Amino acid sequence: IFSGGGKIAPEDLDSIEEILLSADLGPSTVIPLIDHLRDNSPKGIEYNELLSYLEKEIESLFQQDRKSLIQNSAGPTVIMMVGVNGTGKTTTVAKLAQYYKQQGKSVMLASCDTFRAAATDQLQVWADRLGIEAIQQGAGADPAAVAFDALKAALSRGTDVLICDTAGRLHNKSNLMEELKKISRVLGKELEGAPHETLLVLDAVTGQNGFIQAEQFHKELNLSGVIVSKLDGTAKAGVVVSIEKDLQIPVKFVGVGESIDDFALFSPKEFVKELLE
Amino acid sequence: TLGQKLNKVFKDLRGYGKLSEKNISDALREIRMALLEADVHFSVVKDFLSKVKEKSLGQEVLNSITPGQQVVKIVHDELVELLGGEAVELERPKGFVKILLVGLQGAGKTTTAGKLASWLKRNKKRPLLVSCDTQRPAARDQLRILAEQVDVPFFTINDEKDPKKIAAAAIDRATEEGVDAIIVDTAGRLHVDEELMDEVVQVRDLFQPNEILFVADAMTGQDAVQSAKAFNESVGTTGIILSKLDGDSRGGAALSIRWITGKPIKFCGIGEKLDQLEAFYPDRMASRILG
Ligand SMILES: Nc1nc2c(ncn2[C@@H]2O[C@H](COP(=O)(O)OP(=O)(O)OP(=O)(O)O)[C@@H](O)[C@H]2O)c(=O)[nH]1
Ligand SMILES: Nc1nc2c(ncn2[C@@H]2O[C@H](COP(=O)(O)OP(=O)(O)OP(=O)(O)O)[C@@H](O)[C@H]2O)c(=O)[nH]1
Ligand SMILES: [Mg+2]
Ligand SMILES: [Mg+2]
């Protein structure tokens with residue numbers, strides 16, 4: 001849009017507003033930011049200066065001291081993967097399992113999606129590819145019972161990491177949110193502090209509802225982090241800016257494809273650069 | 001609500017007649033905010049606002065003692081119009097039905113395939129469910145299970161990597177089974193993946209569907225315009241299915257997708273069960289988008 005290096009005009013601020021809106025940053029974040037810039041930027045600020053100012057401004061909204069995953073020193077590290085339907089939880093469980101394996105850790109999976117057609121088959125394929133075990137029970141089994149079994153097995157075998165895949169569910173379905181809380185409680189009863197990480201998998205194409213998802217899952221389960229999936233598409237997942245800023249939940253990883261290697265640590269700097277592309 | 005905000009904008013006007021430029025621009029700002037919050041694409045919002053502005057400067061609003069309510073009505077009616085106007089009653093499809101389902105990863109295609117089979121069966125058709133998803137782990141098992149739940153025949157070729165071969169064989173299988181409808185489920189794919197977009201075009205050319213339905217997630221944000229446009233241009237959609245409307249997303253993607261493709265939204269997914277598919281009602285969607 002700009003030829004670069006020129007002086008910023010008010011209509012160029014409109015173009016920047018469009019870039020930020022199209023990235024799903026949301027009007028309540030974007031509009032005040034642009035208004036502030038319109039009223040406060042010196043007449044004819046250099047375009048490059050404005051862009052780097054914006055980058056720093058947006059980057060500062062992210063959590064500043066970012067810890068990677070929690071590690072339990074007294075037994076298996078238990079991780080629960082949650083989120084609405086179809087966001088990429090099962091695939092992300094596999095990616096995270098490989099991430100740990102590459103660090104030399106022993107990993108076990110728990111197939112707590114006992115509802116959706118072929119959910120356990122799907123996780124089993126990934127477990128086979130990774131050469132690790134996925135604990136499962138029959139279709140329609142109580143997901144909390146599967147979690148319990150898996151944790152017992154992980155404890156008795158001295159497994160380093162247990163990752164629980166859960167069924168997709170909409171946050172406005174209270175009975176399904178209760179089911180998830182029960183899984184969390186059961187894990188905590190069996191091992192103090194479990195689950196050590198409760199990660200929300202958020203689809204990059206999600207609009208402003210992504211904030212409500214994070215807010216609701218956080219309220220019910222106390223999220224420890226977010227994983228943004230499908231960032232290999234054209235969506236920019238700008239909604240995570242308000243998730244970090246207003247909910248203080250850090251994005252820990254990003255999914256950038258359907259294969260098990262398409263997984264990376266989240267970097268606010270890289271992310272904001274992509275946002276303003 | 002938007003109605004309350006607009007009433008606030010116009011509250012000092014009653015009885016004083018003429019609306020000012022400022023009243024209108026304040027109202028448009030509130031409407032813009034509401035639509036962007038609802039995930040309507042900013043280009044669609046721009047276009048929409050110019051239509052609303054034009055109508056708001058007309059006689060009904062200027063002469064009204066409740067201009068706020070008049071503007072809300074204009075916004076609602078304009079939304080309904082853009083979404084397709086009157087709700088279309090879906091008729092039992094006649095003749096041999098061939099449906100191809102396409103869309104991004106995780107949008108709800110496989111589940112929707114099962115729902116369509118259930119709907120067709122309830123409408124006295126005999127559908128065959130076909131899995132052409134050769135990529136996702138256990139995708140074929142997933143659709144096979146749904147076919148069993150609806151009690152309709154299922155077809156795929158288990159070790160076949162090429163979806164085109166499955167689509168071709170499905171037509172022969174349909175003749176053998178005496179079905180009068182085929183629903184083909186495909187793997188999720190990104191519109192920026194050239195190879196996969198070519199693949200689905202080739203499946204289309206072979207299968208020759210009379211319906212190509214783009215399944216889109218109701219919580220999709222601004223990207224809805226990009227993906228819907230690309231699928232429409234490459235594959236050519238005949239209709240849209242909006243899934244996961246049982247969530248609390250405002251669903252602005254519905255407006256964006258309709259605006260960029262001009263194609264009708266034919267069904268709404270309102271749950272995970274196979275009977276949770278209903279017709280699309282523009283006026284209900286308009287109210288939902290407005291919050
Ligand atoms: N392009 C892309 N696709 C992804 C990514 N992560 C997951 N997917 C795809 O998204 C689809 C859904 O993934 P799943 O892992 O089944 O999602 P889920 O959240 O477990 O789904 P439910 O259990 O049904 O709620 C699959 O087709 C995955 O291959 C990603 O980072 N990029
Ligand atoms: N709540 C709700 N969930 C839905 C709806 N439609 C589909 N789902 C769920 O969304 C998730 C993804 O559905 P799938 O049918 O596997 O999606 P897909 O498009 O086939 O996914 P890929 O083949 O990986 O691209 C599953 O958990 C479904 O049960 C709906 O209308 N409402
Ligand atoms: Mg899953
Ligand atoms: Mg599928």
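Since the structure is predicted, the reported quantities are computational estimates derived from the model, not experimental observations. Numbers restart at 1 for each chain; the letters A, B, ... are given by sequence-line order, proteins then strands.
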In terms of heavy-atom pairs under 4.5 Å with chain B, which of [options] leads?
options: A:Asn172, A:Leu170, A:Thr90; result: A:Asn172
options: A:Ser229, A:Ser22, A:Gly88; result: A:Ser22
options: A:Gly168, A:Ala119, A:Gly233, A:Pro27; result: A:Pro27

Side-chain contact test, heavy atoms from C-beta onward, threshold under 4.5 Å: evaluate it for [X] versus [Y] and give yes or no.
X: A:Gln208; Y: B:Ser249; answer: no
X: B:Met219; Y: A:Gln213; answer: yes
X: A:Arg129; Y: B:Pro137; answer: yes

Inset, instruction - Let me know if A:Val239 has heavy atoms under 4.5 Å from chain B in its side chain, its backbone, both or neither. - result: neither
Inset, instruction - Using non-hydrogen atoms and a 4.5 Å limit, figure out which bit of A:Thr91 sits close to chain B: side chain, backbone, both or neither. - result: neither
Inset, instruction - For A:Glu258 and B:Gln105, test the side chains for any donor-to-acceptor distance below 3.5 angstrom and give the result as yes or no. - result: yes
Engaged part of [X] at the chain A interface, taking heavy atoms whose separation is under 4.5 Å:
X: B:Arg144; answer: neither
X: B:Arg250; answer: neither
X: B:Leu143; answer: neither
X: B:Leu190; answer: side chain
X: B:Gln142; answer: both

Inset, instruction - Determine, for B:Asp246 against A:Lys173, whether the closest basic-nitrogen to carboxylate-oxygen distance falls under 4.0 angstrom. - result: yes
Legend entry - A:Glu17 bridged to B:Lys46 by N-O distance under 4.0 Å: no
Nearest 0.5 Å, please: how far is [atom2] in [Y] from [atom1] in [X]?
X: B:Asp217; Y: A:Asn85; atom1: CG; atom2: CG; answer: 8.5 Å
X: B:Asp223; Y: A:Lys236; atom1: CG; atom2: NZ; answer: 9.5 Å
X: A:His171; Y: B:Asp248; atom1: NE2; atom2: CG; answer: 3.5 Å
X: B:Gln222; Y: A:Asp24; atom1: CD; atom2: CG; answer: 5.5 Å
X: A:Ile31; Y: B:Arg29; atom1: CD1; atom2: CZ; answer: 8.5 Å

Counting heavy atoms not belonging to [X], are there more than 12 under 6.0 Å from its [atom1]?
X: B:Glu160; atom1: CD; value: yes
X: A:Lys181; atom1: NZ; value: yes
X: B:Lys229; atom1: NZ; value: no
X: B:Lys51; atom1: NZ; value: yes

Inset, instruction - For each of B:Gly114, B:Ala224, B:Gly221, tally heavy-atom pairs with chain A at distances under 4.5 Å, and name the one with the top tally. - result: B:Gly221
Inset, instruction - May I ask you to name which of B:His41, B:Arg136, B:Arg140, B:His191 has the most heavy-atom pairs under 4.5 Å with chain A? - result: B:Arg136
Inset, instruction - Apply the test side-chain contact (heavy atoms from CB on, under 4.5 Å) to residues B:Ser43 and A:Glu18: give CA-CA distance (whole Å), side-chain angles for both, the deciding distance (0.1 Å), then the verdict. - result: CA-CA 9 Å; B:Ser43 310; A:Glu18 290 189 350; over 6 Å; no
Legend entry - Check: A:Asp121 side chain, B:Ala138 main-chain N or O, donor-acceptor pair, under 3.5 Å: no
Legend entry - Among A:Ile19, A:Leu20, A:Leu21, side chain to side chain contact (heavy atoms under 4.5 Å, CB included) partner for B:Phe42: A:Leu21
Inset, instruction - Start with the C-alpha gap between B:Asp39 and A:Asn209, add the side-chain angles, then the distance that decides, and say whether side chain to side chain donor-acceptor pair (under 3.5 Å) holds. - result: CA-CA 8 Å; B:Asp39 291 324; A:Asn209 192 254; over 6 Å; no
